[in-house]
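Read through the structure below, which is laid out as structure tokens, and then see the notes.
Residue numbering restarts at 1 for every chain, and letters A, B, ... go by the order of the sequence lines. The shown structure was predicted, so the numbers you read here are calculated from the model rather than taken from an experiment.
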Amino acid sequence: MLTFPSKTKLFWSVLHTLPLPPPPKTTTISKKRAAEQNCLSLLELCNTFPKLSQLHTYILKLGLQSNPFVLTRFASTSSDLNAIHYASSFLFAPEAKTHLYDVFLFNTVIRAYAQTKDSKQSALFYYKMMVKDRIFPNKFTYPFVLKACAGIGELSLGLIVHGSVVKYGFSDDIHVLNTMVHMYCSCGGGVNFGRKVFDEMSKCDSVSWSAIIGGYARLGMSSEAVGLFRKMQIAGVRPDEITMVSVLSACTDLGALELGKWVSSFVEKEKLQKSVELYNALIDMFAKCGDVDKALRLFRNMAEKDIVSWTSLIVGMAMHGRGLEAVLLFEEMRSNGIVPDDVAFIGLLSACSHSGLVEKGRQYFELMSKEFGIVPKIEHYGCMVDLLSRGGLVKDALEFVQSMPIEPNPVIWRALTTACRARGELKLSESMTRKLIKQEPMLESNYVLLSNIYAKLLKWEKKTTIREVMGQKGIRKIPGSTMIELDNEMYEFVSGDKTHIEYKEIYEMLDEMGKELRRAGYVATTSEVLLDIDEEDKEDALNRHSEKLAIAFALLKTPPGTPIRIVKNLRICEDCHSATKFISKIYNREIVVRDRNRFHHFKDGLCSCGDFW
DNA sequence: GGCAAAAGGC
């Protein structure tokens with residue numbers, strides 16, 4: 001009987017004629033797979049160099065040293081620097097098999113290095129190696145490489161990488177461009193390049209805006225940062241919580257409390273994710289814009305706090321002269337099991353020094369190295385010198401400086417000089433100010449210090465020569481400026497400013513203020529004026545100080561009884577401090593002044609700093 | 001099997 005083979009049968013017969021692979025050795029393959037799986041999961045747990053080294057031996061024993069999965073995981077497992085070094089030295093050893101390298105492996109190694117603190121240079125080294133080995137970068141490579149450049153902060157390097165991005169055709173990728181903006185903003189002198197890249201982007205998302213806003217904010221170009229945030233809203237891009245962190249840090253820098261409050265309600269309204277970082281930025285903003293109690297309330301509402309949250313509030317308390325509360329917070333932090341770091345100690349020590357807690361400060365300084373193993377940095381020494389000097393212990397401060405294992409910096413000389421001058425140790429103060437001038441020959445305020453000392457020593461001819469020296473050196477003058485926020489606008493005044501549209505009214509107010517002040521018994525403190533002019537002109541120069549202009553403006557523009565908040569870029573001068581006390585009483589206003597160092601709350605003719613700052 | 005932006009300092 002003849003039967004036609006069915007299709008199925010035919011199929012089977014064909015199959016049977018094909019040469020078959022050797023029968024699967026099921027046991028060995030699954031053993032290999034199991035070993036690979038086991039190895040991968042072990043690598044996941046392996047985050048230190050010794051563990052990795054042990055595992056390396058194990059990998060060799062199993063014969064998995066050319067398994068691409070294992071190799072890549074091996075490179076990516078750890079954030080520990082030694083482990084990364086170990087992994088890459090093994091992967092790229094001269095005897096290693098080059099054919100195993102692929103883009104993914106390089107990206108992994110580059111990423112690992114780009115995320116380290118101090119070895120970003122290595123990321124660029126492996127990028128160069130990759131290009132030399134003719135392995136072409138892909139769209140994931142450049143964000144890592146650019147991140148590494150941003151960390152190193154060298155513009156020339158960034159420009160070269162920008163060239164490669166163009167060469168390899170990634171100049172349309174939004175991730176690459178966003179990181180490029182960030183890279184330029186992190187390299188000295190690169191912010192304009194960053195802006196150019198940003199402006200030329202065909203499509204921007206919230207990350208692009210965050211990168212450029214954050215870039216300006218980090219550089220202290222806070223008005224530009226806020227301006228760009230407004231443009232972002234006009235452009236209709238929805239900000240996320242990271243954008244708001246950058247905007248908040250610009251508000252903090254400007255002292256723009258009203259804008260900061262607006263950001264805070266915007267976060268609520270838009271239901272943005274309240275990350276720890278966002279909370280921390282809010283706490284910092286409220287504390288540094290004058291409302292430290294609001295910062296405290298926010299802090300208490302936080303479900304999860306990290307070391308930055310605690311430190312922000314401790315520093316905030318310190319700035320407002322509430323040192324005891326800062327100390328209590330520090331202790332509360334410790335009892336919550338959070339281990340203080342070096343920055344937390346800077347906050348704590350500065351709190352002690354602003355509130356005259358000399359003994360406490362000394363104890364904590366000891367505790368820092370003894371119990372927490374933190375090696376004191378120049379900042380910690382600075383706090384201690386400040387603490388002792390402010391506490392009137394000039395001799396102790398001097399001994400402390402002599403026993404320091406590191407070279408004193410200008411901050412330390414300045415603290416000492418000021419203390420000596422306040423204690424009448426004028427000779428000593430003079431010699432230290434000269435050291436200060438040696439270290440910072442271009443800083444105007446140092447010459448002002450020296451000139452004040454000569455004025456007290458009645459050495460007029462020396463005082464005159466200082467001006468000549470300054471002229472010869474072409475000293476860069478940091479103009480004192482005061483900012484005030486009214487009706488959602490920031491106004492900035494410099495000394496003798498006539499650029500404001502209502503300057504005539506402001507100067508009339510200033511004259512009236514002057515009369516009222518003298519009637520109340522105010523006497524101008526003319527010793528801090530550097531100019532070699534007669535007393536009456538000196539008084540006039542003081543009268544036009546930016547602080548006084550801003551206060552006059554606020555008195556004109558706000559209803560009686562409203563508190564006045566101003567922000568000065570330098571330390572408030574002695575004369576303005578004394579005048580503001582009178583103004584708070586005469587006009588019955590609470591005046592909150594943030595200067596470079598701290599807050600002064602003026603009320604009823606008194607200041608919260610107790611005239612000691 | 002992977003990518004971008006963020007918080008505290010004398």
Using a 4.0 Å heavy-atom cut-off across all strands, classify [X] as base, sugar-phosphate, or nothing.
X       : result
D240(A) : base
L248(A) : nothing
V315(A) : sugar-phosphate
R596(A) : nothing
K147(A) : sugar-phosphate
R111(A) : sugar-phosphate
F144(A) : sugar-phosphate
T179(A) : sugar-phosphate

Is the phosphate of [N], meaning OP1 or OP2, less than 4.0 Å from a side-chain N or O of [X]?
X       : N      : value
R218(A) : dA6(B) : yes
K305(A) : dA7(B) : no
H182(A) : dA6(B) : yes

**Request:** State whether the distance check finds a donor on one side and an acceptor on the other, under 3.5 Å, for side chain D341(A) versus base dG8(B).
**Result:**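 Flag set: donor-acceptor pair detected.
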**Request:** Classify the side chain of S312(A) and the base of dG8(B) as holding, or not holding, a donor-acceptor pair under 3.5 Å.
**Result:** no
Of all the nucleotides listed ([options]), which has the minimum atom distance to the side chain of [X]?
X       : options                 : answer
V245(A) : dG9(B), dC10(B), dA7(B) : dA7(B)
H175(A) : dA5(B), dA7(B), dA4(B)  : dA4(B)
E241(A) : dG8(B), dA6(B), dC10(B) : dA6(B)
I242(A) : dG8(B), dC10(B), dA6(B) : dA6(B)
D306(A) : dC10(B), dA5(B), dA7(B) : dA7(B)
E379(A) : dG8(B), dC10(B), dA6(B) : dC10(B)

Mind calculating the distance between [atom1] ([X]) and [atom2] ([N]) to the nearest angstrom?
X       : N       : atom1 : atom2 : answer
I412(A) : dG9(B)  : CD1   : P     : 19 Å
I174(A) : dA4(B)  : CD1   : P     : 14 Å
K203(A) : dA5(B)  : NZ    : P     : 18 Å
R598(A) : dC10(B) : CZ    : P     : 13 Å
F198(A) : dA4(B)  : CZ    : C1'   : 14 Å
I212(A) : dA6(B)  : CD1   : P     : 12 Å
L177(A) : dC3(B)  : CG    : C1'   : 13 Å
L348(A) : dG8(B)  : CG    : C1'   : 14 Å

**Geometric cation-pi criterion K139(A) and F170(A), 6.0 Å radius, 45° cone** =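 No, K139(A) and F170(A) do not form such a contact.
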**Asked** Taking the six-membered ring of Y113(A), is the NZ or CZ of K120(A) close enough (under 6.0 Å from the centre) and on axis enough (within 45°)?
**Response** no
**Residue pair V385(A) / A397(A): nearest heavy atoms and the distance that separates them** = O-CB, 4.4 Å
**Message:** Between E331(A) and K360(A) (salt bridge meaning N to carboxylate O under 4.0 Å), is one present in this structure?
**Reply:**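 A salt bridge is absent here (no side-chain N lies under 4.0 Å from a carboxylate O).
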**Request:** May I ask you to decide whether K196(A) forms a salt bridge with E200(A), counting only side-chain N to carboxylate O separations under 4.0 Å?
**Result:**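 Salt bridge flag = yes for E200(A) with K196(A).
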**Prompt:** Would the number of heavy atoms belonging to other residues, nucleotides or ligands and lying under 6.0 Å from CZ of F193(A) be above 12?
**Reply:**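 For F193(A), atom CZ is not crowded (no more than 12 foreign heavy atoms under 6.0 Å).
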**Item:** Nearest-0.5 Å distance that lies between atom CG in L393(A) and atom CG in L398(A)
**Value:** 11.0 Å
